[in-house]
Number of protein chains: 2
Amino acid sequence: MASGMDDRTTRVLRHIVEDYIATAEPVGSRTISKKMGLSLSPATIRNIMADLEEAGFLAQPHTSAGRIPTGAGFRYYIDHLLSRQVLARSEMDQLHRAAGEGNGPGDELVRQVSRLLSNLAHQASVVVVSSPEQQVLRSVSLMRAGVERILLVTVMRGGWVQHRLIEGEPDLTGDELEKISAYLNELAEGQTLPQLRARILAELRKEKARYDRVMGRALTMGARALADAAPGEVFIEGRANILEQPEFAEDVHRLKRILRAFEEKSVIFRLLDRAMESRAIQVSVGLENTVEELPDISVVASGYRQGASSVGSIGLIGPVRMDYSRVIPLVEYAASLLTTMFEDR
Amino acid sequence: MASGMDDRTTRVLRHIVEDYIATAEPVGSRTISKKMGLSLSPATIRNIMADLEEAGFLAQPHTSAGRIPTGAGFRYYIDHLLSRQVLARSEMDQLHRAAGEGNGPGDELVRQVSRLLSNLAHQASVVVVSSPEQQVLRSVSLMRAGVERILLVTVMRGGWVQHRLIEGEPDLTGDELEKISAYLNELAEGQTLPQLRARILAELRKEKARYDRVMGRALTMGARALADAAPGEVFIEGRANILEQPEFAEDVHRLKRILRAFEEKSVIFRLLDRAMESRAIQVSVGLENTVEELPDISVVASGYRQGASSVGSIGLIGPVRMDYSRVIPLVEYAASLLTTMFEDR
DNA sequence: AGTTAGCACTCCGGCAAGGAGAGTGCTAAC
DNA sequence: GTTAGCACTCTCCTTGCCGGAGTGCTAACT
């Protein structure tokens with residue numbers, strides 16, 4: 001069906017989508033005719049438009065307005081018609097610089113890149129960091145954090161730092177704590193969290209642990225602290241950019257819905273979920289994204305990796321009318337930048 | 001001048017402010033007359049209103065509209081006329097529960113409380129955490145974070161965790177790192193960051209350091225990592241709540257300005273700056289707050305303490321038309337809650 | 001002297017009518 | 001299959017008008 005369109009028809013569709021992206025207004029037959037160098041008259045374009053409407057790619061807000069692309073129209077455009085823009089040297093440089101500045105622990109890095117991405121694209125940018133469950137540990141440390149409070153700090157490959165508080169631990173001497181910490185660190189290095197858990201349980205079962213007090217303590221504390229899986233994280237930057245888009249500036253209700261969604265991390269998680277798995281860039285248009293609360297927004301996202309395993313994804317969220325030809329390369333570049341940054345960490 | 005108003009005049013002002021807070025619309029003489037039990041006729045009220053306008057407490061949007069309070073009007077109301085609402089038991093309980101859930105490291109605690117505060121008040125809530133410079137260290141630890149990368153983790157009293165990356169450190173054996181870490185930890189406990197810096201420099205000057213390799217390394221690394229002061233942090237919760245306020249829903253431009261300000265942490269810092277110093281609650285109305293970008297918003301904030309020293313402040317940001325009688329007790333309670341939470345940490 | 005009723009006046013908001021502009025669909029001719 | 005022409009539709013903007021809300025002023029009242 002979709003492939004049953006001839007070249008001329010698709011060219012018209014393409015022009016309509018691009019004009020609509022540029023102007024945010026319904027586009028009429030005359031405009032397209034001019035844009036195509038008057039090789040076809042407005043009347044002909046109108047016939048083609050009628051066909052496209054019947055096929056579900058266009059819609060009319062009202063009888064005598066121009067056409068606007070439907071979700072399906074955008075989808076077709078993205079899949080078949082889109083020609084990517086080449087990123088400007090300066091944009092790539094800016095992204096690199098942002099990544100360079102974010103040389104703190106992992107979160108600073110992604111945050112900086114995300115912020116710049118959002119400004120370059122004039123959309124809100126979102127990064128999700130997957131739950132650290134699959135990630136590989138580099139080191140762990142136990143630190144005193146208060147009376148009967150101990151902090152377990154874990155550092156993952158790639159520079160992610162996490163900490164969890166263990167409460168109600170009877171006090172230990174500094175020396176004991178150091179020993180316990182060192183012992184746990186030894187067990188942890190190179191393991192994933194589930195592996196470490198399993199390892200701790202295995203060690204606990206060994207007889208020796210029962211006799212060595214320090215070891216025993218280390219293991220039970222480790223088991224306690226790691227009992228429940230750590231959640232992933234979500235960073236959102238450039239919220240104000242979405243106000244740049246006329247569709248949101250006008251419709252306060254939509255704006256409210258999307259800002260509320262930003263406060264609810266689980267929603268964002270679901271939104272970028274698919275991108276994390278896949279290696280290619282993902283574009284969800286309007287209703288396609290599985291989040292009921294936000295039927296009229298698009299998400300362009302791409303996963304980034306740490307070595308072979310995907311550890312998160314970065315993307316943009318905005319109205320369906322987005323400049324995909326520019327935004328898609330941007331997101332892709334940002335994701336690949338993150339991947340390389342994490343490579344040598 | 002201000003105190004030169006008789007009781008009747010201030011009562012009228014008070015009713016106008018409260019009615020305006022409730023309805024967000026200019027209020028007329030008839031409304032006030034009714035509200036005061038018709039003890040005064042609309043005509044009399046009009047005369048009083050004219051006086052109040054001359055004194056700068058009221059303004060008319062246009063000739064035949066009612067009056068709305070000016071910034072000065074709100075100021076006077078807050079300083080002299082306000083009667084605080086008593087918090088509902090359930091609200092206090094909710095805040096306590098939020099504080100209980102946030103039993104992770106410090107930031108989770110303030111975040112949870114801030115979020116709930118924002119929902120109870122229907123405003124955006126902001127917490128700033130002062131730069132950790134004045135805070136007292138509980139423990140530090142050095143951890144391996146990558147090739148030639150070491151992470152310095154510091155835990156403050158009150159459960160604040162910070163980490164900084166030290167790059168380009170030649171690799172050490174695990175054993176060496178542990179020793180260095182332990183030594184630094186010993187130096188750090190009970191010190192503030194500046195004290196620790198001074199102490200490290202003093203130790204470095206001692207002869208012994210030159211001979212003990214581990215010690216020497218520990219000190220130079222410590223000096224490097226702590227060279228520049230750590231910045232404070234800012235958390236903003238409940239951004240979407242400001243859309244509840246009709247003044248923002250209507251005026252997209254204002255909305256944009258405030259959302260942009262939220263992305264610029266330094267602005268928020270300046271806004272809550274004053275509250276951090278002072279022990280009492282601070283209310284800045286409109287132009288009073290020193291931030292040029294946001295002349296038409298109010299900030300209600302209060303510092304919270306860790307023992308004797310103030311370590312941050314929590315507050316609400318919204319339109320000048322805020323329900324101060326409710327919001328002020330809320331913020332105060334939240335701040336005192338944070339203070340008690342940090343007490344036993 | 002302060003308070004009040006009465007009244008003319010102003011301004012906003014809503015509504016209807018009318019015209020311009022944009023764009024369509026259809027028909028008939030090329 | 002393409003195009004010109006034309007009638008039609010719909011939105012949007014302007015204009016004018018009316019009712020409502022509220023004010024300020026004046027003159028009468030207590």
Side-chain angles (χ1 to χ4, degrees), chain A residues 4-13 15-17 19-20 22-70 73 246-247 249-251, chain B residues 4-13 15-17 19-20 22-70 73 246-247 249-251:
Chain A
M5 292 200 291
D6 64 357
D7 182 55
R8 213 181 51 177
T9 313
T10 58
R11 262 177 61 221
V12 170
L13 177 55
H15 278 108
I16 293 177
V17 173
D19 194 85
Y20 181 67
T23 65
E25 311 241 298
V27 2
S29 52
R30 169 185 228 103
T31 318
I32 298 302
S33 173
K34 270 189 205 149
K35 218 173 206 167
M36 294 174 70
L38 291 167
S39 62
L40 290 173
S41 80
T44 314
I45 304 288
R46 282 203 284 282
N47 289 330
I48 301 173
M49 280 171 149
D51 294 348
L52 283 167
E53 181 164 1
E54 205 175 354
F57 294 127
L58 297 180
Q60 278 187 94
H62 59 86
T63 328
S64 78
R67 306 302 213 283
I68 61 174
T70 60
E247 32 266 277
E250 285 157 17
D251 185 348
Chain B
M5 292 199 290
D6 65 356
D7 181 55
R8 213 183 49 176
T9 312
T10 57
R11 263 177 60 222
V12 170
L13 176 56
H15 277 109
I16 293 177
V17 173
D19 195 86
Y20 181 68
T23 66
E25 311 240 300
V27 2
S29 52
R30 170 187 226 101
T31 318
I32 299 302
S33 174
K34 268 189 205 150
K35 220 175 205 163
M36 295 172 71
L38 290 168
S39 60
L40 290 172
S41 81
T44 314
I45 305 287
R46 280 205 284 282
N47 290 330
I48 301 173
M49 280 172 148
D51 295 348
L52 282 168
E53 180 163 2
E54 205 175 352
F57 294 128
L58 297 180
Q60 281 186 94
H62 59 85
T63 326
S64 78
R67 306 298 211 288
I68 60 174
T70 61
E247 32 266 276
E250 284 156 17
D251 185 348

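In the text below, chain A, chain B and the rest are named by the order of the sequence lines, each starting its count at 1.
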Applying the Watson-Crick and G-U wobble criteria at under 3.5 Å, what pairs with [N]? Answer none if nothing qualifies.
| N | result |
| --- | --- |
| C:dC30 | D:dG1 |
| C:dG19 | D:dC12 |
| C:dT4 | D:dA27 |

Nearest-Å distance for atom pair [atom1]/[atom2], residues [X] and [N]:
| X | N | atom1 | atom2 | answer |
| --- | --- | --- | --- | --- |
| B:Glu54 | D:dG24 | CD | P | 11 Å |
| B:Arg67 | C:dC11 | CZ | C1' | 14 Å |
| A:Arg30 | C:dG25 | CZ | C1' | 16 Å |
| B:Glu25 | D:dG20 | CD | P | 18 Å |
| A:Ile32 | C:dG23 | CD1 | P | 10 Å |
| B:Arg46 | C:dT3 | CZ | P | 14 Å |
| A:Asp51 | C:dT24 | CG | C1' | 15 Å |
| A:Asp6 | D:dG1 | CG | C1' | 12 Å |

Has [X] got a side-chain N or O lying under 4.0 Å from the OP1 or OP2 atom of [N]?
| X | N | result |
| --- | --- | --- |
| B:Thr44 | C:dG2 | no |
| A:Ser41 | D:dT2 | no |
| B:Gln60 | D:dG24 | yes |

Selected nucleotide, minimal atom distance to B:His62 side chain, candidates D:dT23, C:dA5, C:dC12 =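 Nearest nucleotide to the side chain: C:dC12.
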Nearest to side-chain heavy atoms of B:Arg8, which nucleotide of D:dT2, D:dT11, C:dT3 |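 Closest nucleotide among those given: C:dT3.
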Looking at side-chain heavy atoms only, is the closest gap between B:Met5 and B:Leu52 below 4.5 Å?
->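 A side-chain contact exists here, since the closest heavy-atom pair is under 4.5 Å.
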Side-chain heavy atoms of B:His15 within contact of B:Val27, under 4.5 Å =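 Side chain of B:His15 against side chain of B:Val27, heavy atoms only: no contact under 4.5 Å found.
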Side chain to side chain contact (heavy atoms under 4.5 Å, CB included) between A:Ser41 and A:Thr44, worked out | CA-CA 5 Å; A:Ser41 80; A:Thr44 314; 3.2 Å; yes
Hey, is the side chain of B:Thr63 pairing donor to acceptor with the base of C:dC11 inside 3.5 Å?
->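 Between C:dC11 and B:Thr63, which were checked side chain against base, a qualifying N/O pair under 3.5 Å is absent.
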Quick one: does A:Ser64 reach the base of D:dT9 with a side-chain donor-acceptor pair under 3.5 Å?
->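 Such a pair exists between side chain and base.
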Can any side-chain N or O of A:Thr70 pair as donor or acceptor with the backbone N or O of A:Ala59 at less than 3.5 Å?
->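 A pair under 3.5 Å: no.
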Which residue, A:Asn47 or A:Thr31, contacts DNA chain C at a nucleotide closer to its 5' end, judged by nearest heavy atom?
->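 Counting from the 5' end, the first nearest nucleotide belongs to A:Thr31.
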Are a donor atom and an acceptor atom from the side chains of A:Thr9 and A:Asp6 found within less than 3.5 Å of each other?
->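 There is such a pair (donor and acceptor under 3.5 Å, judged by atom type) between the side chains of A:Thr9 and A:Asp6.
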